[in-house]
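Let me begin by presenting the structure, written as structure tokens, before commenting on it.
In each ligand, atom 1 is the first atom listed, and ligand 1 is the first ligand listed.
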Amino acid sequence: MNNPINVPDIFGSDVFTEATMKQRLAPAIYEAWKHCIDSGTHLTLDVANEIAEAMKLWAIEKGATHYTHWFQPMTGITAEKHDSFITPIGDGKVIMEFSGKELVRGEPDASSFPSGGLRATFEARGYTAWDPTSFAFVKDGSLYIPTCFFSYNGEALDKKTPLLRSLEEVSREAMRIIRLFGDTDAKRVVACVGAEQEYFILPKALYAQREDLRLTGRTLFGARPPKGQELDDHYFGTIRTRISNFMKDLDEQLWRLGVLSKTKHNEVAPCQHEMAPIYSGASSACDANQLVMEIMKKCAAKHDLVCLLHEKPFEGINGSGKHNNWSLATDTGKNLFSPGKTPRQNAQFLLFLAAFVQGVDEYQDFLRCTVASAGNDHRLGANEAPPAIVSIFLGDELNAVVRSIIDGTNYTDPEKSVMRVGVDVMPTIPKDTTDRNRTSPLAFTGNKFEFRMLGSSQSIAGPNIALNTIMAEELGRFADALEQADDFDATLHNLVCKAFTEHQRIIFDGNGYSEEWKQEAARRGLSNFASTPECLPSYISPKNIDLVTRHGIFTEAEFRARYAIHMEAYNKIVGIEAKTTLDMAMRQILPAALHYTRVLSEGLASKKALGISTKAESALVTRLSEKTDSLFDGCEKLKSHMTAVPSELESAARYYHETILPDMDAIRSDADSLEEMTDKAYWPFPTYADLLYY
Ligand code: ADP
Ligand code: MG
């Protein structure tokens with residue numbers, strides 16, 4: 001028996017939580033902090049000093065010697081620089097100090113973070129500011145202070161700042177609506193998010209032998225193993241001991257950090273797993289997901305394993321995504337996407353649903369762009385992931401309700417007798433609307449939407465910023481109309497009816513993987529961006545710029561900077577993959593195949609001299625030579641193409657997509673054929689069968 005862990009005791013024990021604050025701060029200081037959170041104002045220096053002192057004492061008790069401003073730059077991962085608490089007091093002695101100024105503001109030398117041109121090199125400074133809505137925590141001997149990251153001119157250089165802005169916006173607009181429906185209790189509306197995280201785990205020793213995995217996070221070579229995922233025997237299968245030990249350790253670390261780790265299981269592909277937390281407010285869900293990704297990697301290393309977060313580590317089996325479950329709720333706990341019991345509540349539900357449908361249709365390209373990346377390109381549109389076309393799945397019953405509103409007919413369900421239509425303008429919504437359609441990119445699952453296009457390695461900030469902003473826009477428009485209305489019910493009915501009628505093309509309940517859907521979607525005029533270079537230019541369309549600037553989520557410069565950073569990242573990633581392909585093909589694969597060919601040829605010669613049949617050797621030498629020649633030609637071609645990459649960002653991205661990736665595919669195809677013919681003893685790295693069935 002292992003030592004049992006007391007989960008309620010350890011949960012959040014490494015977090016400077018509200019309860020800890022209450023316990024450790026003078027009542028006046030605690031109240032001052034509370035007031036800042038509620039009113040969104042700044043902490044005074046006195047208060048900050050007191051909080052800093054309490055935090056320091058607490059952190060030192062937890063073993064911390066350093067503090068760090070933890071932020072989420074536009075790389076999509078987190079950044080940290082550690083300073084120790086030491087301050088010299090003469091005589092070669094030090095004391096441990098931490099001031100309010102050091103708590104609330106930092107100035108990391110940030111010249112090497114992507115800024116998309118926002119920060120001129122002569123003003124390379126970046127600033128971090130504590131986000132007092134996120135709690136500090138202790139990890140690996142440091143006090144972590146969650147911060148926002150911005151430039152000298154105040155432009156957001158991170159993913160957290162716009163997320164917080166979008167949360168404010170959607171709350172403000174949603175409050176207008178619920179006030180109109182008579183809710184006088186709620187003070188805020190919060191976006192709730194639960195992010196299910198998929199990942200692969202491999203033994204470190206095997207991973208270490210693959211340059212492609214180490215440099216790019218995915219395999220650039222590898223013939224299909226005799227067994228793939230066709231038996232579906234991994235999904236929900238028994239978790240092997242080595243992995244369950246890792247998962248146990250992971251849970252414990254996450255719980256200590258206050259992450260609500262809830263569910264763990266094996267996924268469809270061999271070596272693939274999933275972890276899902278209980279949902280929370282979007283900002284803390286975003287922090288938590290960053291911690292989840294980071295701790296998965298560190299914890300795996302501790303167990304001599306490696307965690308792969310890449311969207312498509314292996315060809316031919318499922319890739320990894322991240323399901324972003326999203327809903328809106330009042331601070332009093334009412335879910336605004338929950339169909340209600342009374343006609344009045346249902347009318348409000350339908351209004352939120354209509355706003356969502358209208359917003360997702362109008363800004364489908366914006367949403368699609370937030371998940372565009374080199375890694376996710378291998379996934380979206382492939383067989384297991386949602387297609388690259390954005391659509392909404394509502395389920396049979398809700399669909400029938402929407403249909404009846406569009407057609408102006410009574411909603412009837414033959415199974416469940418006549419539904420009440422026309423009472424207080426809106427039909428009664430059936431309770432059980434949770435049909436599942438795994439092929440939909442955006443599915444309504446009872447009282448939330450599950451957005452499934454996000455890649456496993458991506459920050460959840462992007463799509464949540466988009467969802468919040470889109471909702472803020474549509475709810476704001478609805479509120480404008482309703483606040484002016486003479487006849488509230490009639491206006492409400494018209495808004496809902498108009499939204500469903502004009503935007504019904506975005507609703508689709510069929511098989512999202514099918515070829516027919518692609519054609520049907522094209523007829524409906526939905527956009528279908530199959531790759532990042534095709535997709536990203538629409539990010540900065542005038543419509544999207546207008547949306548994000550009007551709501552104060554991004555300035556135009558901040559928005560364009562993100563576009564540039566994502567484009568550049570795409571180019572760099574494919575560039576690195578191309579160079580790794582060349583390196584492995586020329587220095588590992590070709591030598592191995594040629595070596596084996598030479599050995600075969602020598603054997604062939606000696607057998608011939610003895611007059612013995614050389615059928616196998618002859619055939620193999622011929623086939624190997626064909627493939628090695630072709631592989632060599634492919635490498636020469638890729639090498640020369642790599643010298644001709646255009647310098648302009650968009651042209652480069654298109655070039656990488658249209659020229660470089662196909663060159664890499666051709667090389668891989670030859671290399672994989674060679675793998676199938678070459679004596680395993682000569683093969684320079686572990687194969688798919690070695691990696692996936694260790
Ligand atoms: P699955 O999609 O795997 O069937 P669940 O339906 O249990 O899983 O939920 C998946 C995720 O959705 C979990 O993280 C859960 O906490 C989260 N979730 C549940 N309700 C809501 C909600 N109202 N808003 C946001 N997320 C939610
Ligand atoms: Mg799910």
Legend entry - Separation of Asn318 CG from Gln272 CD (nearest 0.5 Å): 6.0 Å

Inset, instruction - Would you please determine whether His323 falls within less than 4.0 Å of ligand 1 on a heavy-atom basis? - result: no

Legend entry - Ionic contact status for Glu168 with Arg172, cut-off 4.0 Å: no

Inset, instruction - Please state which part of Glu450 comes within less than 4.0 Å of ligand 1, counting heavy atoms only: side chain, backbone, both or neither. - result: side chain

Legend entry - Any side-chain heavy-atom pair of Met453 and Val390 under 4.5 Å: yes

Inset, instruction - Taking only heavy atoms of Pro277 into account, list the atoms of ligand 1 that are under 4.0 Å away from them. - result: 13 (C), 14 (O), 16 (O)

Inset, instruction - Run the salt-bridge test on Arg524 and Glu520 with the 4.0 Å N-O cut-off and return the result as yes or no. - result: yes

Legend entry - Non-hydrogen atom of Asn447 closer than 4.0 Å to ligand 1: yes

Legend entry - Electrostatic pair Glu18:Lys34 at N-O distance under 4.0 angstrom: yes

Legend entry - Those atoms of ligand 1 less than 4.0 Å from some heavy atom in Ile278: 16 (O)

Legend entry - Heteroatom proximity flag, Trp326 to ligand 1, N/O under 3.5 Å: no

Legend entry - Ligand-side contact atoms (ligand 1) for residue partner Asn335, heavy atom cut-off under 4.0 Å: 23 (N)

Legend entry - N or O contact, Val193 vs ligand 1, cut-off under 3.5 Å: no

Inset, instruction - Identify the residue among Trp326, Phe478, Phe500 that makes a ring pair (Phe, Tyr, Trp, His ring centres under 6.0 Å) with Phe356. - result: Trp326

